[in-house]
Structures are given as C-alpha cells and as structure tokens.
**Q** 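So that we are looking at the same thing, I have put the structure below in structure tokens.
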Amino acid sequence: MKTINLVLCGLGGQGILFMTKVLAQVALDKGCNVMGAETHGMAQRGGSVVSHLRVGNVQGSLVKTNEAPFLLALEENEGYRNLPFLATKGRLYVNTASPLFPREEVRGFLAKKEIISRSVPAGKIALDLGAPMASNLALLGFFSAFEDDPFEYENMRQTIGNISPDRFKDKNLSIFDAGHQEGKKG
C-alpha cells in the first residue's frame, strides 16, 4: 500500500485527537500500518493543536513539508498556518462559513501547487443538530464524501459508531451523516 499522510489541525477543544483516532482506527481495521504524532501546545487554553497521521509502510510519525495529500482544518487560520505540509495536488478541507474562502493571499499558493480546497460550515452543521462541540464529525463526514480507500464513508461511519460512547453515538452519527450529505451536494 502506498503511504498516505494526513495533517489535522485546529484549536484546543475542537476534537482533533478524536478525528485522528477515527481515521487511524479506520486504517487499522483495513489492515494498514498506522503511525501518528500530536502537538498540543496550549490546547487546554484554545491554542493550536496539530496531529500527524501516517498510513502505510512508514518509518516515522511526523509528516514532512510538502508530503501530505490531505489537510483537515477545524479552524480556517490553522489551515492556512499548516499549508506547507500539503503536497502538490493535495486536498485542503476547512471548517469555515466564510464566503471568501480561500483568502485572496493564499490563492496563488494553492493554484501553483494545484491544491484543491474545499470548505464546509461544519460548526453550523453541528450547532444546528444540537451539538456545537461536534464540528469535527461534520468535517469528517464532509471529507468522506470526496475520498476513498481506506477512508470510505461506510468504514468511517462504522468506526464512529464503534468508538463513540453510547450516550453520544446517535448524535455523532447524525452529525457525520449531515457533513457527508453537505459534501455530496457538490
């Protein structure tokens, strides 16, 4: 299997580590090797959190600059801050409701590297469904609408169902599904 590098970023309390756990478990369930690393910084105070996830035959846990085909950002500015990790022709998924996404000052960089950028108002989706702290699941659902092996929608949904605490399982799945549906709209 080829190596798949993912970088996930956001602010403390947004659920970056849960997202990483879901993606890692999906890959493990498919028989893939997985390595990861997290940097928490001032996570408990809403500071930057970055998680590296490497799937495949890898030797180290950190993703190098220009080597991640995927960057998932739960906060728009954190997405911009971590753009150097994205590989040429990579894909950027950002939680934002801004109609100006991506910002003018990064459009040249994205175009030069042929990066596809997609945004979803994951925070609004989660809030509308009564779980404002679950924007991470809406973003994962959105991501699942565009990606495949090993991160297919059904595999991710099953994993979320398996690892969610019983009291949150139904809500988590509904938010994931709503994010997926938003991605399917185009």
Side-chain angles (χ1 to χ4, degrees), residues 1-40 43 49-58 61-63 68-75 78-79 82 85 90-95 118-185:
M1 171 187 190
K2 69 176 184 145
T3 300
I4 301 170
N5 293 318
L6 299 99
V7 173
L8 298 90
C9 60
L11 299 174
Q14 287 188 310
I16 298 297
L17 302 183
F18 186 77
M19 286 175 62
T20 303
K21 181 178 179 178
V22 169
L23 294 168
Q25 190 62 55
V26 166
L28 286 169
D29 290 347
K30 294 279 278 192
C32 303
N33 294 326
V34 174
M35 288 188 89
E38 294 101 21
T39 59
H40 300 279
V49 177
V50 179
S51 179
H52 293 227
L53 182 64
R54 304 192 70 211
V55 178
N57 189 17
V58 297
S61 58
L62 295 176
V63 176
F70 304 110
L71 173 60
L72 284 76
L74 280 168
E75 199 278 326
E78 289 299 307
N82 287 283
F85 287 111
R91 292 179 215 126
L92 171 64
Y93 295 89
V94 176
N95 167 31
R118 296 184 173 110
S119 66
V120 62
K124 181 178 180 341
I125 291 169
L127 180 64
D128 289 351
L129 291 172
M133 301 299 288
S135 59
N136 58 343
L137 290 163
L139 184 63
L140 278 177
F142 184 73
F143 172 73
S144 76
F146 298 97
E147 302 307 332
D148 53 20
D149 193 36
F151 304 114
E152 297 100 347
Y153 165 76
E154 286 298 331
N155 294 340
M156 290 179 63
R157 190 176 196 287
Q158 181 177 350
T159 298
I160 290 166
N162 290 343
I163 67 174
S164 292
D166 286 340
R167 69 181 193 267
F168 298 124
K169 183 187 296 191
D170 291 341
K171 182 67 74 176
N172 286 353
L173 291 172
S174 69
I175 293 166
F176 176 77
D177 290 341
H180 181 79
Q181 289 306 314
E182 190 67 27
K184 286 297 186 186
K185 289 179 184 177

**Q** List the atom of His52, the atom of Val63, and the distance in Å for their closest heavy-atom pair.
**A**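 Closest approach of His52 to Val63: ND1-N, 2.8 Å.
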**Q** With rounding to the nearest 0.5 angstrom, report the CG to CZ distance, Leu8 to Phe143.
**A**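 Interatomic distance, Leu8 CG to Phe143 CZ, rounded to 0.5 Å: 8.0 Å.
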**Q** Does Ser135 reach the side chain of Leu74, with side-chain heavy atoms less than 4.5 Å apart?
**A**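 When only atoms from C-beta onward are counted, Leu74 and Ser135 do touch, with a gap below 4.5 Å.
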**Q** Quick one: do Glu182 and Arg118 make a salt bridge, cutoff under 4.0 Å?
**A**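 No, no charged N to carboxylate O under 4.0 Å.
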**Q** Checking Ile163 against Phe18 for the side-chain contact (heavy atoms from CB on, under 4.5 Å) test, could you report, in this order, the C-alpha distance in whole Å, the side-chain angles of both residues, the deciding distance, and whether it holds?
**A** CA-CA 9 Å; Ile163 67 174; Phe18 186 77; 4.0 Å; yes
**Q** Which pair of non-hydrogen atoms, one from Gly15 and one from Asn136, has the smallest distance, and what is that distance?
**A**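 So the two residues come closest at O-ND2, 3.2 Å.
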**Q** Supply the atom-to-atom distance Leu139 CG to Ile125 CD1, rounded to the nearest 0.5 angstrom.
**A**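 Separation between the atoms: 9.0 Å.
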**Q** Who are the side-chain hydrogen bond (donor to acceptor under 3.5 Å, both in side chains) partners of Ser119, not counting sequence neighbours?
**A**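 Scan of Ser119 (side-chain hydrogen bond (donor to acceptor under 3.5 Å, both in side chains), adjacent residues dropped) gives none.
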**Q** If we only count heavy atoms from C-beta on, is the Val55 to Phe151 side-chain gap below 4.5 Å?
**A**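 With C-beta onward as the side chain, the pair touches.
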**Q** In chain order, what residues pass the side-chain hydrogen bond (donor to acceptor under 3.5 Å, both in side chains) check against Lys124, with sequence neighbours excluded?
**A**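 side-chain hydrogen bond (donor to acceptor under 3.5 Å, both in side chains) list for Lys124, sorted by chain: Asp128.
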**Q** Looking only at non-hydrogen atoms, find the nearest pair between Val7 and Ala68 and report the distance.
**A**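 Scanning both residues, the minimum pair turns out to be CG2-CB, 4.0 Å.
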**Q** For Arg157, which residues count as a side-chain hydrogen bond (donor to acceptor under 3.5 Å, both in side chains) partner, sequence neighbours excluded?
**A**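 Result, side-chain hydrogen bond (donor to acceptor under 3.5 Å, both in side chains) vs Arg157: Tyr153, Asp177.
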**Q** Does the side chain of Leu140 reach to within under 4.5 Å of the side chain of Leu23, using non-hydrogen atoms?
**A**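 When only atoms from C-beta onward are counted, Leu23 and Leu140 do touch, with a gap below 4.5 Å.
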**Q** Sequence neighbours left out, what pairs pass side-chain hydrogen bond (donor to acceptor under 3.5 Å, both in side chains) with at least one residue falling in residues 161-170?
**A**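 Pairs touching residues 161-170 that pass the test: Ser164-Asn172.
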**Q** Looking only at heavy atoms, what is the nearest atom pair of Ala134 and Ala126, with distance?
**A**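 Heavy atoms only, the tightest pair is C-CB, 3.6 Å.
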**Q** Any chance you could measure Met35, atom CE, to Leu53, atom CG, to the nearest 0.5 Å?
**A**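 The distance works out to 11.0 Å.
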**Q** Do other residues, nucleotides or ligands put more than 12 heavy atoms under 6.0 Å from the CD atom of Gln158?
**A**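 Incorrect, the count does not exceed 12.
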**Q** Are the side chains of Val22 and Phe176 in contact, using a 4.5 Å heavy-atom criterion?
**A**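 SC-SC contact between Phe176 and Val22 ruled out.
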**Q** Who are the side-chain hydrogen bond (donor to acceptor under 3.5 Å, both in side chains) partners of Lys184, not counting sequence neighbours?
**A**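 None.
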**Q** Please determine whether side-chain contact (heavy atoms from CB on, under 4.5 Å) holds for the pair Glu38 and Val49, giving the CA-CA distance in whole Å, both sets of side-chain angles, and the decisive distance to 0.1 Å.
**A** CA-CA 7 Å; Glu38 294 101 21; Val49 177; 5.6 Å; no
**Q** Any side-chain heavy atom of Pro150 sitting closer than 4.5 Å to one from Ile4?
**A**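 Of all side-chain heavy-atom pairs linking Ile4 with Pro150, at least one is under 4.5 Å.
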**Q** Taking Leu129's backbone N and O only, do any of them form a donor-acceptor pair with Lys171's side chain (distance below 3.5 Å, no angle check)?
**A**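 Side chain of Lys171 to backbone of Leu129: a pair is present.
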**Q** Less than 4.5 Å apart, any side-chain heavy atom of Glu147 and any of Arg91?
**A**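 In short, these two side chains touch, coming nearer than 4.5 Å.
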**Q** Quick one: pull up CD1 in Ile160 and CE in Met19 and give me the separation to the nearest 0.5 Å.
**A**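 Result: 9.5 Å between the selected atoms.
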**Q** Name all pairs fulfilling the ring pair (Phe, Tyr, Trp, His ring centres under 6.0 Å) condition that reach into residues 118-142, sequence neighbours left out, sorted by first residue then second.
**A**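 Listed by first then second residue: Phe142-Phe146.
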**Q** For Leu173 and Gly161, work out which heavy atoms get closest and say how close.
**A**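 For Leu173 versus Gly161, the nearest heavy atoms are CD2-N, 3.9 Å.
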**Q** Is a donor on one side and an acceptor on the other found under 3.5 Å between the side chain of Asn95 and the backbone of Ala122?
**A**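 Side chain of Asn95 to backbone of Ala122, a donor-acceptor pair under 3.5 Å: yes, one is there.
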**Q** Rounded to the nearest 0.5 Å, how far apart are CZ of Phe85 and CG of Leu71?
**A**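 Those atoms lie 9.0 Å apart.
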**Q** Measuring from atom CG of Leu72 to atom OG of Ser51, what distance do you get when rounded to the nearest 0.5 angstrom?
**A**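 The distance works out to 10.5 Å.
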**Q** Ignoring hydrogens, what is the shortest heavy-atom contact between Gly10 and Ile16? Give both atom names and the distance.
**A**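 Smallest interatomic distance, heavy atoms only, reads N-CD1, 3.6 Å.
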